[in-house]
Amino acid sequence: MDGALRQNELTAPSEPLLSARGLVMDFPGVRALDRVDFEVRAGEVHALMGENGAGKSTLVKVLSGLHRPGEGTISIRARRIRPNSVRDAEAAGISTVYQEVDLVPTMTVLDNICLERQPTRLGLIRHGAMRRRAQAALGRLGLRLDVGRTLGEYPIALQQMVAISRALDVDARVLILDEPTSSLDADETRELFRVIRRLRDQGLGIVFVSHYLDQVRQIADRITVLRNGARVGTWKMSDLTRAALIEAMTGRTIDQPPRAAVEQDPPPHPPPEERAALSFTDLGRRRAIAPASATVRAGEALGL
C-alpha cells in the first residue's frame, strides 16, 4: 500500500463503543480472519468493505454470535463479552439485520417486532404492552405504521425498516446492517440513509457492510477495509479518495476510466450482423427492480 494510505490511517482518540482485538477464525483449509482489529464508536456510521472473500461476512457473524473465534477478544464499552449465540450478542447490545429480511411475512408487524420476546403476565401475552413496544421501536426510525397489518402487505423497503425496528427492540447499542441496500431502489435507499443518520444522531454505533462504493462514501463517517481475511486499515471517509479505496480493497493501483466512458450507454441499435441470443426490454418488478433492458449477443459475455 502506498504512503498516502498509511499516513491517513487513524487511531481512535476515545474509548470505542465496540472493540474487537486480534480476531482469528479458521475453517478447514482456510484462515477467514487473521488477527483482525475492528472498532465502532458511539454516534458513527462505520463502513466495512472488501472484495468477495475478504472476511466481511465472517467478521459480522463473529460479532453477531454465529461464529466463535479461535483467538481474540470482543468488548462493549471496555467490558469483555463472549457471544456464543445471536441472543448472547443481542443481550450484550449487538443486533444484526441481514441482507435478506428474515421475518415472517404472514404475521403482523407487531408480532414480527416482538416475536419470541412477547411480554407476559401470569402466562398470558400482554397485547397492549406489545403494541406500545412496537410503536416505540418504529418511532425511533420516525415511522408510523399500522402494526396490525400483515408484514407482507408492505414493500420490501418497509419490511427492512421493521427488521431494523426489531433489532432496536432489544436496546441495541451497535447495529450491524449487512448489505442493506441490495434490494432497494434509489428512493428507498435515500429513505434508509435518513433512518441511519437518525439512529447515528441518537448515539448508536452503526456498522454498514456494502460493496457499493458510492453509497459508502455518502453515508459512512469512517471505513475499515479487509483483504484476504486481514485488516488493511481504518480511515476517515473524507480522507480516502475513491482510487485509494479501490487500491486498499484490491492491493492494486487501478486507473479509472473517464467518467463519460463509464456512463456511456450501449448503441440502441446494434449492427444486424451482431445476432442477439437473448434480449429483454423494460423488465422489472414492482417495488423490487427498476425496469431494465439488455441484449446478449452471440459470442459475448455480458456483465451485470
Side-chain angles (χ1 to χ4, degrees), residues 56-58 60-67 83-185 187-196 198-199 202 204 206-210 284-290:
K56 304 186 303 296
S57 295
T58 303
V60 166
K61 289 176 180 178
V62 167
L63 297 175
S64 302
L66 290 173
H67 291 331
N84 294 317
S85 67
V86 171
R87 286 194 174 186
D88 283 351
E90 290 179 344
I94 303 172
S95 285
T96 304
V97 177
Y98 291 97
Q99 178 177 343
E100 299 295 333
V101 177
D102 56 349
L103 300 181
V104 186
T106 55
M107 296 177 66
T108 66
V109 171
L110 171 66
D111 288 332
N112 271 285
I113 291 177
C114 298
L115 187 62
E116 297 184 328
R117 307 171 188 154
Q118 297 93 332
T120 60
R121 177 177 294 167
L122 301 177
L124 300 176
I125 294 176
R126 300 167 57 200
H127 293 283
M130 279 180 61
R131 182 173 294 272
R132 288 190 294 272
R133 271 177 48 184
Q135 291 172 339
L138 290 166
R140 291 191 65 181
L141 310 188
L143 297 176
R144 296 184 64 183
L145 300 180
D146 181 355
V147 296
R149 286 180 60 183
T150 302
L151 180 68
E153 297 180 52
Y154 288 104
I156 188 65
L158 284 178
Q159 292 184 35
Q160 191 168 55
M161 299 298 184
V162 172
I164 294 174
S165 297
R166 172 178 167 81
L168 297 176
D169 182 56
V170 295
D171 194 25
R173 303 179 192 180
V174 177
L175 178 65
I176 302 175
L177 301 176
D178 186 13
E179 297 285 356
T181 64
S182 60
S183 300
L184 306 185
D185 63 25
D187 290 338
E188 292 167 338
T189 297
R190 280 191 289 270
E191 176 62 16
L192 175 64
F193 282 5
R194 179 196 68 79
V195 166
I196 290 174
R198 181 186 178 101
L199 295 175
Q202 292 175 11
L204 262 71
I206 299 172
V207 181
F208 185 84
V209 185
S210 179
R285 182 175 179 181
R286 187 167 177 261
R287 297 173 175 171
I289 304 173

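One is the number of the first residue; the rest follow in order along the sequence.
- Using a 4.5 Å heavy-atom threshold, the side chains of Val207 and Leu63 count as separate.
- The closest side-chain heavy-atom distance from Leu141 to Ser165 is below 4.5 Å.
- Counting only heavy atoms from C-beta outward, the side chains of Val162 and Leu143 never approach each other to under 4.5 Å.
- Here the side chains of Leu168 and Gln202 are not in contact, with every heavy-atom distance at 4.5 Å or above.
- Here CG of Leu192 is found 5.5 Å from CD of Gln160. Values are rounded to the nearest 0.5 Å.
- Other residues, nucleotides and ligands place no more than 12 heavy atoms under 6.0 Å from the NZ atom of Lys61.
- Here the CG-CD1 distance, from Leu175 to Ile94, works out to 11.0 Å after rounding to the nearest 0.5 Å.
- At least one side-chain heavy atom of Arg133 sits under 4.5 Å from a side-chain heavy atom of Asp169.
- Side-chain contact between Tyr154 and Asp146 is present, with heavy atoms from C-beta onward closer than 4.5 Å.
- Other residues, nucleotides and ligands contribute over 12 non-hydrogen atoms within 6.0 Å of the CZ atom of Arg149.
- Between Val104 and Leu151, every side-chain heavy-atom pair lies at or beyond the 4.5 Å cut-off.
- No donor-acceptor pair closer than 3.5 Å links the side chain of Arg140 to the backbone N or O of Leu199.
- In this structure, the separation between CG on Asp111 and CZ on Arg166 is 11.0 Å, given to the nearest 0.5 Å.
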- Take Leu158 and Glu188 through the side-chain contact (heavy atoms from CB on, under 4.5 Å) test and state the conclusion after the steps. CA-CA 9 Å; Leu158 284 178; Glu188 292 167 338; over 6 Å; no
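- Closest heavy-atom contact between Gly65 and Ala89: N-CB, 4.2 Å.
- Counting all heavy atoms, side chain and backbone alike, Asp88 lies closest to Pro83 at CB-CA, 3.7 Å.
- His67 NE2 to Ser57 OG: the interatomic distance, rounded to the nearest 0.5 Å, is 9.0 Å.
- Atom OG of Ser95 and atom CZ of Arg173 lie 11.5 Å apart (nearest 0.5 Å).
- Here the straight-line distance linking atom CD1 of Ile156 with atom CG of Asp185 works out to 11.5 Å at 0.5 Å rounding.
- Nearest heavy-atom pair, Ala172 versus Ala167, reported as atom, atom and distance to 0.1 Å: CB-O, 3.7 Å.
- Here the closest non-hydrogen pair linking Thr108 and Gly148 is CG2-O, 3.3 Å.
- Nearest heavy atoms, Leu110 versus Ala134: CD1-CB, 3.7 Å.
- With salt bridges taken as basic N to acidic carboxylate O contacts below 4.0 Å, one links Glu191 and Arg194.
- With contacts defined as side-chain heavy-atom distances shorter than 4.5 Å, the pair Val147/Arg131 qualifies.
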- Output, in order, the C-alpha distance, side-chain angles, deciding distance and verdict of side-chain contact (heavy atoms from CB on, under 4.5 Å) for Thr96 and Leu66. CA-CA 11 Å; Thr96 304; Leu66 290 173; over 6 Å; no
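- Across all their heavy atoms, Gln159 and Leu103 have their closest contact at O-CD1, 4.2 Å.
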